[in-house]
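Take a look at the structure set out below.
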Amino acid sequence: HIMRDISGLPELEDALESLLDVSQCIVVSGDSEESAWVKSELGRACLNSIKSHLKDENIIAVTGGTTMAAVADALTPDFGGKNLLFVPARGGIGTDIKNQANTICEKMAEKSQADHMVLYVPDQVSEEVYNSFIQEPSIRKVLGKIKSANILIHGIGDALTMAKRRNTSEEDLQKIIQEKAVAEAFGYYFNENGDIVHSVQTVGLQLEDLEKISHIYAVAGGATKVKAIKAYMKFAPKHTVLVTDEVVTKSILKG
Ligand code: G3H
């Protein structure tokens with residue numbers, strides 16, 4: 001009698017949940033790095049789950065990246081039947097414009113016919129400028145909304161890929177390398193054990209806010225992110241829902 005192979009998606013989901021010790025994993029078939037269609041599936045799967053948790057009023061905080069852009073693309077007007085406000089999770093950790101949290105937010109709001117807010121915080125300013133900047137009423141208003149988000153959707157990236165994609169200073173880049181960071185999520189860098197080794201100093205969502213957010217979705221797939229996903233999930237709050245693909249799942253389960 002040969003042991004049955006774990007290959008069905010629900011079985012993969014169950015196995016991944018118990019291995020990562022999180023409340024829920026959603027697995028789509030295929031490799032999202034190889035196929036744009038699979039990446040869209042990640043987005044659709046994530047949105048389907050979120051839909052079942054919407055309340056009368058919702059504040060959805062989102063990060064940037066190409067996976068988040070795929071989530072935005074998958075949104076449709078019927079998603080917004082409830083009161084929705086999209087806000088960027090954190091300010092000033094931008095990459096190229098089209099994959100920045102602000103842009104993704106705007107797109108999500110447009111596609112679901114909902115509202116959004118932007119957070120324009122410059123990356124490199126003196127502490128003095130920064131401190132007066134965040135006293136601005138318009139900035140404070142957005143920060144207040146971010147702090148009361150009930151849903152967070154974020155990507156997970158490979159640490160070095162993300163550091164290079166951003167305007168990371170040589171000094172910070174060296175720190176990220178030296179500390180053996182392998183994962184990045186919402187501006188925090190993590191080593192293999194899921195310990196934070198570096199963070200981008202900016203306003204918006206802070207770590208202590210995570211526990212208060214009822215629904216957290218980490219969306220990431222593709223073979224090159226296996227290490228990053230494994231590491232980040234060691235850190236992730238237990239109520240995080242991981243939305244990933246088959247390639248990542250099988251690789252993590254293989255150990
Ligand atoms: O924080 C991680 C990044 O958002 C991941 O970016 O979806 O383009 O790989 P990506």
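Indexing begins at 1, ligand by ligand and atom by atom, following the structure's order. Residues take their numbers from the sequence shown, with the count starting at 1.
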(message) Given Thr67, Val62, Leu42, identify the one with the heavy atom nearest to atom 7 (O) of ligand 1.
(response) Thr67

(message) Looking only at distances, can you tell me whether any N or O atom of Met162, backbone or side chain, sits closer than 3.5 Å to an N or O atom of ligand 1?
(response) no

(message) Heavy atoms only, cut-off 4.0 Å: how does Ile156 contact ligand 1, side chain, backbone, both, or neither?
(response) backbone

(message) For atom 6 (O) of ligand 1, which of the options Arg165, Glu184, Met68 provides the nearest non-hydrogen atom?
(response) Arg165

(message) For a quick test of reading the model, state the closest non-hydrogen atom pair linking Val28 to Glu41 and the distance between them.
(response) CG1-O, 3.8 Å

(message) So Val182 and Phe190, do their side chains get closer than 4.5 Å, heavy atoms only?
(response) no

(request) Could you check atom 10 (P) of ligand 1 against the protein and tell me its nearest heavy-atom contact, residue, atom and distance included? (result) Thr66 OG1, 3.3 Å

(request) Of all the heavy-atom pairs spanning Ala228 and Ile156, show the shortest one and how long it is. (result) O-CG2, 3.9 Å

(message) Hydrogens and angles aside, do Asp245 and Ser32 bring a side-chain donor and acceptor to less than 3.5 Å of each other?
(response) yes

(message) Counting only heavy atoms closer than 4.0 Å, does ligand 1 sit against the backbone of His154, its side chain, both, or neither?
(response) neither

(request) Report, in ascending order of atom number, the atoms of ligand 1 lying under 4.0 Å from any heavy atom of Gly64. (result) 4 (O)

(request) May I ask you to identify, for Lys39, whether its side chain, its backbone, both or neither come under 4.0 Å of ligand 1 on a heavy-atom basis? (result) neither

(request) Measure the distance from atom 9 (O) of ligand 1 to every protein heavy atom, then report the residue, atom name and distance (to 0.1 Å) of the closest one. (result) Lys225 NZ, 2.6 Å

(request) Decide yes or no for Ile213 and Leu205: does some side-chain heavy atom of the first lie under 4.5 Å from some side-chain heavy atom of the second? (result) yes

(message) Please report whether ligand 1 has a polar contact with Thr63, defined as an N or O pair separated by less than 3.5 Å (distance criterion only).
(response) no

(message) Which heavy atom of Gly43 sits nearest to which heavy atom of Ala74, and what is that distance?
(response) C-CB, 4.0 Å

(message) Using a plain distance cutoff, I'd like to know if Arg166 has any nitrogen or oxygen under 3.5 Å from a nitrogen or oxygen of ligand 1.
(response) no

(request) Return the minimal non-hydrogen interatomic distance between Val226 and Ser251, and the atom names on each side. (result) CG1-OG, 3.3 Å

(message) Does the plane of the ring in Tyr217 sit parallel, tilted or perpendicular to the ring in His53? Use 30° and 60° as the thresholds.
(response) tilted

(message) Under a 4.0 angstrom heavy-atom cut-off, which atoms of ligand 1 come close to Gly65?
(response) 4 (O), 6 (O), 7 (O), 8 (O)

